[in-house]
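Notes to accompany the following structure.
Sequence positions, counted from 1, serve as the residue numbers for this chain.
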Amino acid sequence: MPKFSWGRVIEDVEIGPYMIRSFHPHKLEGSTITREIDTTEVHYHGYVDGEDTRRAWKTLEDAMAGLIVYAALGPNYLEIGSHFVAGVNALAKED
C-alpha cells in the first residue's frame with residue numbers, strides 16, 4: 001500500500017472519476033495527533049480525477065456525497081455533502 005500521512009491505508013476503490021481511500025487514522029491524544037495508528041477507526045479520503053481533495057470523512061456515504069459535491073461545485077461547497085446525506089436520510093424515513 002502507498003505511504004499516506006493521514007494514517008494506514010486499508011484499500012483504494014475507484015468508481016468513475018472518484019477514488020476513495022479507506023484508512024485507519026492516527027490516534028488523537030486530546031488535540032494532538034500521535035504517530036500511533038487507531039485500528040478501531042476507519043476514515044475515508046477522497047480524490048476526484050486524480051486530484052487530492054485534502055478532505056476525509058468518517059463514513060463512506062459522507063465521502064461519496066462529498067466527492068460528488070466537490071466534483072460539481074468545487075472545494076468551497078463541501079459542507080453541502082452533509083446536507084445531501086441528511087436529506088436522503090430524511091426522505092428514506094418518510095416511506
Side-chain angles (χ1 to χ4, degrees):
M1 282 291 151
K3 288 189 175 191
F4 185 60
S5 62
W6 293 37
R8 182 182 302 141
V9 175
I10 300 168
E11 161 180 51
D12 290 342
V13 176
E14 290 189 49
I15 304 167
Y18 310 109
M19 186 181 86
I20 298 174
R21 172 169 286 166
S22 57
F23 67 99
H24 294 298
H26 292 278
K27 285 188 177 180
L28 291 174
E29 288 181 5
S31 61
T32 303
I33 298 172
T34 70
R35 290 182 178 252
E36 191 175 350
I37 300 296
D38 185 352
T39 58
T40 66
E41 292 281 329
V42 176
H43 292 186
Y44 303 89
H45 187 85
Y47 301 81
V48 176
D49 291 326
E51 179 184 330
D52 187 348
T53 63
R54 296 175 182 83
R55 302 285 195 280
W57 297 269
K58 291 187 178 184
T59 69
L60 181 57
E61 292 83 359
D62 286 344
M64 292 185 316
L67 290 174
I68 291 167
V69 170
Y70 185 98
L73 301 174
N76 295 327
Y77 294 94
L78 282 176
E79 64 278 357
I80 293 172
S82 61
H83 297 292
F84 173 79
V85 171
V88 169
N89 288 336
L91 288 171
K93 288 179 184 177
E94 289 179 6
D95 290 340

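Note that NE2 of H43 and CD1 of I20 are 14.5 Å apart. Values are rounded to the nearest 0.5 Å.
Here the closest heavy-atom approach between residue Y70 and residue V48 is recorded as CD2-CG2, 3.7 Å. The shortest heavy-atom contact between W57 and L67 is CH2-CD2, 4.0 Å. Of all heavy-atom pairs between H26 and R35, the closest is ND1-O, 3.4 Å.
Remark: the backbone N or O of R55 is paired with a side-chain donor or acceptor of H45 at under 3.5 angstrom. Looking at H24, its side chain never comes within 3.5 Å of a backbone N or O of V42 through a donor-acceptor pair. Although no hydrogens or angles enter the test, the distance criterion places a donor-acceptor pair under 3.5 Å between the side chain of T34 and the main chain of K27.
The hydrophobic cluster containing L60 also contains I68, counting ILVMFWY residues as joined when their side-chain heavy atoms lie under 4.5 angstrom apart, directly or transitively. The hydrophobic clustering, which links ILVMFWY residues whose side-chain heavy atoms are closer than 4.5 Å, places V13 and Y47 apart.
The number of heavy atoms from other shown groups lying within 6.0 Å of CD1 (I37) is above 12.
Note that R21 lies in the cation-pi zone of F4, set by a 6.0 Å cut-off to the ring centre and a 45° limit from the axis.
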